[in-house]
Amino acid sequence: MRWIVASAWPYINAVPHLGTLIQVLSSDVYARYRRKKGDSVVFVSGSDEHGTPIEIEAIKKGISPKELTDKMHSYVSDLFERFGISYDNYTRTESPTHVKFVQEFYMKVYENGHIFEKETEQLYCPNDKMFLPDRFVIGTCPYCGYEKAHGDQCDRCGRLLNPTDLINPRCAICGAEPELRRTKHWFFDLPKFSDKLKEYIESNEQLPDNARAMSLSMIEDGLKPRSITRDNKWGIPAPFPGAEGKTIYVWMEAVLGYVSAVKEHFERLGKPEEFNEFWKGKDTKSIYFIGKDNIPFHTLIFPALLMASEEGYILPYNVASTEFLLFEGEKFSKRERIGIWLDEALALLPADYWRFYMIYIRPETKDANFAWDDMVAKINDELNDTLGNLIHRVLSFIKSRYDGVVPEAQLDEESEEMLKEAKEIAKRIEENLERVKLRDALKEFLEMARLGNRFFNSREPWRDIKENRARADSTVVASFNLLRAMACYMHIFMPFSAEKLWRMMGLDGEPAPLSDAFNIVAGVQLREVEPLFHKVSKEELQEKLEEIRERGEVLSARE
RNA sequence: AGCGGGGUGGGGCAGCCUGGUAGCCCGCCGGGCUCAUAACCCGGAGGUCGGUGGUUCAAAUCCACCCCCCGCUACCA
């Protein structure tokens with residue numbers, strides 16, 4: 001089976017925070033799982049780097065948008081690599097392949113007759129010489145009198161607004177008074193695809209309930225045409241006749257990155273023909289990891305665009321959406337410094353600790369909360385004590401009592417029984433991964449450690465070693481092979497630790513594919529053994545974070 | 001306002017679709033073990049499953065209404 005695994009493209013006006021990491025990590029866990037199952041996987045994402053907020057950020061910093069995103073893209077790519085995200089291609093929307101692909105794609109859709117143009121009136125800032133997105137107009141709310149209402153919605157009374165409703169409207173960037181100007185835009189005729197989309201969603205059983213319900217109700221309410229163009233300077237030039245000076249709206253452009261990134265991947269490999277096999281192949285499935293706010297884009301607009309291109313691209317097989325992550329009960333906020341940013345996170349703890357905890361609290365059914373106390377408890381009690389200690393007690397037992405060599409031994413019935421139980425757990429891990437229940441899969445994985453601890457306790461090999469050597473041998477071989485299987489599954493969730501464990505166990509290469517996880521191995525000479533994890537303390541972590549911020553040790557702390 | 005998600009022992013969650021002894025982790029109490037990172041294992045206490053009404057022999061699970069929390073509402077990305 002071929003798989004295209006993708007995560008939503010992070011917008012890189014700033015360093016991403018932990019909330020962003022959820023999608024990125026989820027997709028990585030899934031991609032690693034598919035590879036470990038032997039599937040052919042292309043795992044892609046990239047930096048979303050066009051649009052107004054980045055233009056403004058660049059103006060603030062006194063550099064060009066390109067300079068800003070060059071820097072941010074390389075910084076963010078490096079962060080993801082350090083988090084162990086196994087992208088086959090982490091690209092960017094400035095990539096020439098992407099730019100060319102987007103332009104050709106939209107020309108195709110245009111020629112197919114799914115795009116029309118329309119004149120509208122929009123607020124324009126004569127000072128900044130740009131049209132203002134609704135969000136970038138500030139004024140007094142006509143309903144409640146709030147003076148800092150945004151053009152799309154009043155943050156105080158919650159009413160939806162048009163920017164022209166505002167009393168005393170001002171440009172959010174410079175404060176100047178904007179003026180109404182006529183402008184022409186190109187629209188994608190989304191409503192035309194309503195029936196096809198409905199059919200697609202209804203027949204796509206693995207779509208999560210929340211995605212299906214939301215999408216169908218939007219179709220029911222009536223879809224509206226979506227504008228494709230913007231008057232921004234920073235973006236991909238719109239290719240339509242008469243659209244000189246216009247760019248493609250970032251959203252309508254970034255989603256196509258899922259396609260262009262795979263194309264680019266195969267071009268780099270020197271096998272451009274495989275792109276079509278992947279993206280148009282009958283035996284390819286695609287899965288997208290996104291936040292719930294992104295659902296309509298992936299279940300409606302993106303599939304409709306793919307249909308409209310009439311190129312035969314496969315439609316999304318699954319759109320794995322999560323709820324949101326809160327930070328100590330509040331929303332992440334850059335301005336108020338609520339949250340932890342990815343560079344800070346890596347300065348605090350090894351990537352696997354974050355991978356473990358983030359998947360552990362993955363917001364699958366409802367909004368989840370990051371809490372220091374909870375993170376410390378999970379790391380100390382589960383990652384360190386339950387899992388880390390099992391590994392260490394087994395390996396150090398082999399070190400001290402067996403000179404570090406796993407004995408060749410016949411497994412007795414109890415040992416066989418334990419491994420059989422471990423296989424049952426492994427099966428449940430895989431079932432959960434198949435259903436994208438990553439949190440449950442991780443929790444099942446911890447069950448393997450509990451099983452190992454229970455087994456080791458009840459067998460008391462430290463006693464057998466003196467009185468019943470054969471029984472001790474069996475315990476040791478069974479425990480060692482449980483760890484070996486665990487390393488294979490751990491490799492999906494915590495790749496760095498799994499590889500380290502594999503080496504400590506005296507095994508070569510990297511943790512085996514899942515089909516080989518339970519093949520019994522003996523006679524191995526262990527390498528140097530040391531604890532895989534250590535405990536953490538909330539106070540130390542928070543102090544360290546303070547320090548990082550005060551000293552501006554990482555980019556996000558200096559922003 | 002509309003739409004979506006949630007309200008389960010002290011904390012964090014699962015179960016609800018496919019009704020029938022309320023499950024997991026942490027914490028707490030008691031015991032065991034000493035190989036291991038004071039780690040591990042066993043047992044126990046603790047819940048009228050947001051409220052009210054209904055369907056049913058039987059409801060955390062289905063239906064109706066209500067209360068509370070969170071998010072989204074498509075030109076922020």
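Naming: A, B, ... by sequence-line order, numbering from 1 per chain.
- When distances run from any side-chain atom of A/Phe187 to the nucleotides B/C75, B/C33, B/A77, the shortest one goes to B/C75.
- One atom, CZ of A/Phe480, and another, P of B/C35, lie 21 Å apart when rounded to the nearest Å.
- Atom CD1 in A/Ile295 sits about 16 Å away from atom C1' in B/A77, given to the nearest Å.
- When distances run from any side-chain atom of A/Pro133 to the nucleotides B/C76, B/C41, B/C25, the shortest one goes to B/C76.
- A/Ala487 and A/Leu501 make their closest contact through CB-CD2, 3.8 Å (heavy atoms, listed as atom of the first residue, atom of the second, distance).
- Remark: A/Lys399 is not in phosphate contact with B/A36, judged by side-chain N or O atoms under 4.0 Å from OP1 or OP2.
- If you check every strand for non-hydrogen atoms under 4.0 Å, A/Arg401 touches sugar and phosphate atoms only.
- Within the 4.0 angstrom heavy-atom criterion, base atoms lie near A/Phe533.
- Distances were taken from every side-chain heavy atom of A/Arg439 (C-beta onward) to each of B/C13, B/C40, B/C25; the shortest belongs to B/C13.
- No hydrogens or angles considered: nothing links the side chains of A/Tyr288 and A/Gln23 as a donor-acceptor pair under 3.5 Å.
- Checking A/Trp251 against A/Gly222, the closest nucleotide of RNA chain B that is more toward the 5' end is the one next to A/Gly222.
- At least one donor-acceptor pair closer than 3.5 Å links the side chain of A/Asp352 to the backbone N or O of A/Phe496.
- Proximity note for A/Asn389 (side chain, C-beta onward) versus B/A36, B/A77, B/C35: the nearest is B/A36.
- Heavy atoms of A/Phe131 sit nowhere under 4.0 angstrom from any nucleic acid atom.
- Looking at the side chain of A/Tyr11, the nearest of the listed nucleotides B/C72, B/A77, B/C13 is B/A77.
- Atoms CZ (A/Arg362) and P (B/C13) sit 16 Å apart, rounded to a whole Å.
- Comparing A/Glu460 and A/Asp440 by the nucleotide of RNA chain B that holds the closest heavy atom to each, the one mapping nearer the 5' end is A/Asp440.
- Closest to the A/Phe397 side chain, of the nucleotides B/C41, B/A39, B/C35, is B/C35.
- One can place CD1 of A/Ile290 at 15 Å from C1' of B/G5, the figure rounded to the nearest angstrom.
- In this structure, the nucleotide among B/G71, B/U37, B/C25 sitting nearest to the side chain of A/Pro531 is B/U37.
- For the residue pair A/Leu483 and A/Leu390, the shortest heavy atom distance occurs at CD2-CD2, 4.0 Å.
- If you check B/G43 for Watson-Crick or wobble pairing at under 3.5 angstrom, you find it paired to B/C29.
- Taking atom C1' in both B/G12 and B/G2, the straight-line distance is 32 Å, to the nearest Å.
- For A/Arg459, no side-chain nitrogen or oxygen approaches OP1 or OP2 of B/C35 to under 4.0 Å.
- Here the P atom of nucleotide B/A38 and the CG atom of A/Asn453 are 14 Å apart, to the nearest Å.
- Atoms CG (A/Leu326) and C1' (B/G71) sit 9 Å apart, rounded to a whole Å.
- Rounding to whole angstrom units, CG of residue A/Leu387 and P of B/A39 are separated by 15 Å.
- The nearest pair of heavy atoms linking A/Pro316 to A/Phe302 is CG-CD2, 4.0 Å.
- Out of B/C42, B/C33, B/C75, the shortest distance to the side chain of A/Gln122 is found at B/C75.
- Donor-acceptor pairing under 3.5 Å is recorded for the side chains of A/Thr183 and A/Lys246.
- Within 4.0 Å of A/Asp381, counting heavy atoms only, lie sugar-phosphate atoms of the nucleic acid but no base atom.
- Only the C1' atoms considered, B/C63 is 12 Å distant from B/U56, to the nearest whole Å.
- Annotation: A/Phe493 is not in aromatic contact with A/Phe356 [ring centroid separation under 6.0 Å not met].
- When every heavy atom of A/Tyr249 is checked against every heavy atom of A/Ser227, the shortest pair comes out as CD2-O, 4.0 Å.
- Residue A/Gly452 is classed as having no contact, given no heavy-atom separation below 4.0 Å to the nucleic acid.
- Nucleotides B/G5 and B/G43 place their P atoms 39 Å apart, quoted to the nearest Å.
- Counting any heavy atom pair closer than 4.0 Å across all strands shown, A/Leu532 reaches a base atom.
- Nucleic acid contact class of A/Asp48 (heavy atoms, under 4.0 Å, all strands): sugar-phosphate only.
- In the set B/C76, B/A77, B/C25, B/C76 carries the atom at the smallest distance from any side-chain atom of A/Phe136.
- Within the structure, a side-chain polar atom (N or O) of A/Tyr249 is placed less than 4.0 Å from OP1 or OP2 of B/A77.
- Distance check on atom P: B/C66 versus B/C3 gives 12 Å, rounded to whole Å.
- When the P atom is used for both B/C41 and B/C26, the distance is 8 Å, rounded to whole Å.
- What separates CG of A/Asn369 from P of B/G5 is a distance of 21 Å, to the nearest Å.
- A/Pro53 comes within 4.0 angstrom of sugar-phosphate atoms only, judged by non-hydrogen atoms across all strands, and of no base.
- For B/C3, the paired base is B/G71 (Watson-Crick or G-U wobble, both distances below 3.5 Å).
- The shortest distance between the side-chain N/O atoms of A/Arg393 and the OP1/OP2 oxygens of B/U34 is not below 4.0 Å.
- Comparing the C1' positions of B/U18 and B/U37 gives a spacing of 45 Å, expressed to the nearest Å.
- Looking at the side chain of A/Arg230, the nearest of the listed nucleotides B/A77, B/C72, B/C75 is B/C75.
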